[in-house]
Amino acid sequence: QVQVVESGGGLVQPGGSLRLSCAASGSIRSINAMGWYRQAPGKERELVAVLTSGGWTNYADSVKGRFTISRPNAKNTVYLQMNSLKPEDTAVYYCNAEILRLVGVAPSAYWGHGTQVTVSS
C-alpha cells in the first residue's frame, strides 16, 4: 500500500524558518502532483501550496513570497520551505499526493497524518 509521511514541524519564533518534508512510498508508478494543506483549530483545512509533475505551482495568497514548494529530481519527496513565519501560520500541516499505482487505472489521492507547526515567541 501507499504511505505518505510528513516531518519537519516544530516550534519556531516569528520571522523564523522551517522546512517540511513529505515522503511517499509503496506501490507507486508515478506521482501526478503533491501539495501541502494546513488546518488551524476551529478552521477548515486549506490549500497552502501544490506542485504538479509538469512544474506548475499554486500558493495561497497568505503565503506567497514566503513559502516555496519543491520536488527535486521528480522523486517521491516534496518539501515546503517556510520563511518569515507568522503566528497565523500555526497549524497542522498535511501532505497530499495524487498517485498513479497502475497504468490504465485512475490515480488516487493519499494523505499524511500531519505535522504540527507552531509559530510563537
Side-chain angles (χ1 to χ4, degrees):
Q1 284 292 317
V2 173
Q3 186 175 20
V4 177
V5 180
E6 306 97 333
S7 63
L11 175 64
V12 64
Q13 292 185 335
S17 298
L18 282 175
R19 189 192 190 200
L20 305 183
S21 299
C22 172
S25 61
S27 56
I28 299 172
R29 172 69 66 177
S30 63
I31 298 177
N32 293 337
M34 299 185 76
W36 289 94
Y37 295 72
R38 67 186 181 187
Q39 187 168 19
K43 297 284 190 176
E44 294 292 312
R45 188 174 299 185
E46 64 175 347
L47 174 71
V48 177
V50 64
L51 173 64
T52 71
S53 60
W56 180 84
T57 60
N58 190 39
Y59 295 90
D61 288 341
S62 60
V63 307
K64 286 181 179 178
R66 300 189 297 120
F67 291 10
T68 303
I69 188 170
S70 64
R71 186 183 164 202
N73 302 312
K75 298 299 182 181
N76 294 349
T77 301
V78 67
Y79 301 94
L80 184 68
Q81 179 66 48
M82 306 186 295
N83 299 325
S84 302
L85 283 162
K86 305 174 181 179
E88 48 264 48
D89 295 318
T90 297
V92 177
Y93 284 70
Y94 298 90
C95 179
N96 175 263
E98 184 174 285
I99 295 172
L100 177 67
R101 298 185 66 192
L102 296 171
V103 175
V105 179
S108 299
Y110 295 86
W111 290 90
H113 293 305
T115 184
Q116 177 71 47
V117 172
T118 302
V119 184
S120 177
S121 59

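Scored by the side chain to side chain contact (heavy atoms under 4.5 Å, CB included) test, S7 finds S21 as partners (sequence neighbours excluded). Residues passing the side chain to side chain donor-acceptor pair (under 3.5 Å) test with K43: none are found, sequence neighbours excluded. Partners of F67 under the ring-ring contact (aromatic ring centres under 6.0 Å, His included) rule, at least two apart in sequence or in another chain, do not exist in this structure. Scored by the side chain to side chain contact (heavy atoms under 4.5 Å, CB included) test, Q13 finds no partners at all (sequence neighbours excluded). Residues forming a side chain to side chain donor-acceptor pair (under 3.5 Å) with N73 (at least two apart in sequence, or on another chain): none.
Side-chain atoms of S120 and L11, non-hydrogen and from C-beta on, do get closer than 4.5 Å to each other. Residues L47 and N58 are in side-chain contact: their nearest non-hydrogen atoms beyond the backbone lie under 4.5 Å apart. The closest side-chain heavy-atom distance from Y59 to I69 is below 4.5 Å. Residues C22 and Y79 are not in side-chain contact: their nearest non-hydrogen atoms beyond the backbone lie 4.5 Å or more apart. R71 has its side chain within reach of I31: a pair of non-hydrogen atoms, C-beta onward, lies under 4.5 Å apart. Residues W111 and E6 have side chains not in contact (no heavy-atom distance under 4.5 Å, counting atoms from C-beta outward). Side-chain contact between M34 and V4: absent, with no pair of heavy atoms (C-beta onward) separated by less than 4.5 Å.
Here L80 contributes atom CG and Y37 contributes atom OH; the two are 13.0 Å apart, rounded to the nearest 0.5 Å. Note that CD of E46 is 14.5 Å distant from CH2 of W36, once rounded to the nearest 0.5 Å. A distance of 10.0 Å separates CD1 in I28 from CD in Q3, rounded to the nearest 0.5 Å.
In this structure, P72 and S70 approach most closely via the heavy-atom pair CD-C, 3.8 Å. Scanning all heavy atoms of the two residues, the minimum distance from S84 to R66 falls at O-NH1, 3.0 Å.
Not a single donor-acceptor pair under 3.5 Å links the side chain of R45 to the backbone N or O of Q39.
Taken together through direct or relayed side-chain contacts under 4.5 Å among Ile, Leu, Val, Met, Phe, Trp and Tyr, V78 and V117 form part of one hydrophobic cluster. Hydrophobic clustering of Ile, Leu, Val, Met, Phe, Trp and Tyr side chains at less than 4.5 Å, counting indirect connections, unites V63 with L85.
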Donor-acceptor pairs under 3.5 angstrom involving side-chain atoms of residues 90-108: please list them, not counting sequence neighbours.
residue: T90; atom: OG1; partner: P87; partner atom: O; Å: 2.9
residue: T90; atom: OG1; partner: V119; partner atom: N; Å: 2.9
residue: Y93; atom: OH; partner: R38; partner atom: NH1; Å: 2.9
residue: Y93; atom: OH; partner: D89; partner atom: O; Å: 2.7
residue: N96; atom: ND2; partner: Y110; partner atom: O; Å: 3.3
residue: E98; atom: OE2; partner: N32; partner atom: ND2; Å: 3.2
residue: R101; atom: NE; partner: S27; partner atom: O; Å: 3.4
residue: R101; atom: NE; partner: S27; partner atom: OG; Å: 2.9
residue: R101; atom: NH2; partner: S27; partner atom: OG; Å: 2.4

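Within 6.0 Å of atom CD in Q1, 12 or fewer heavy atoms from other residues, nucleotides or ligands are found, so the atom counts as exposed in its surroundings.
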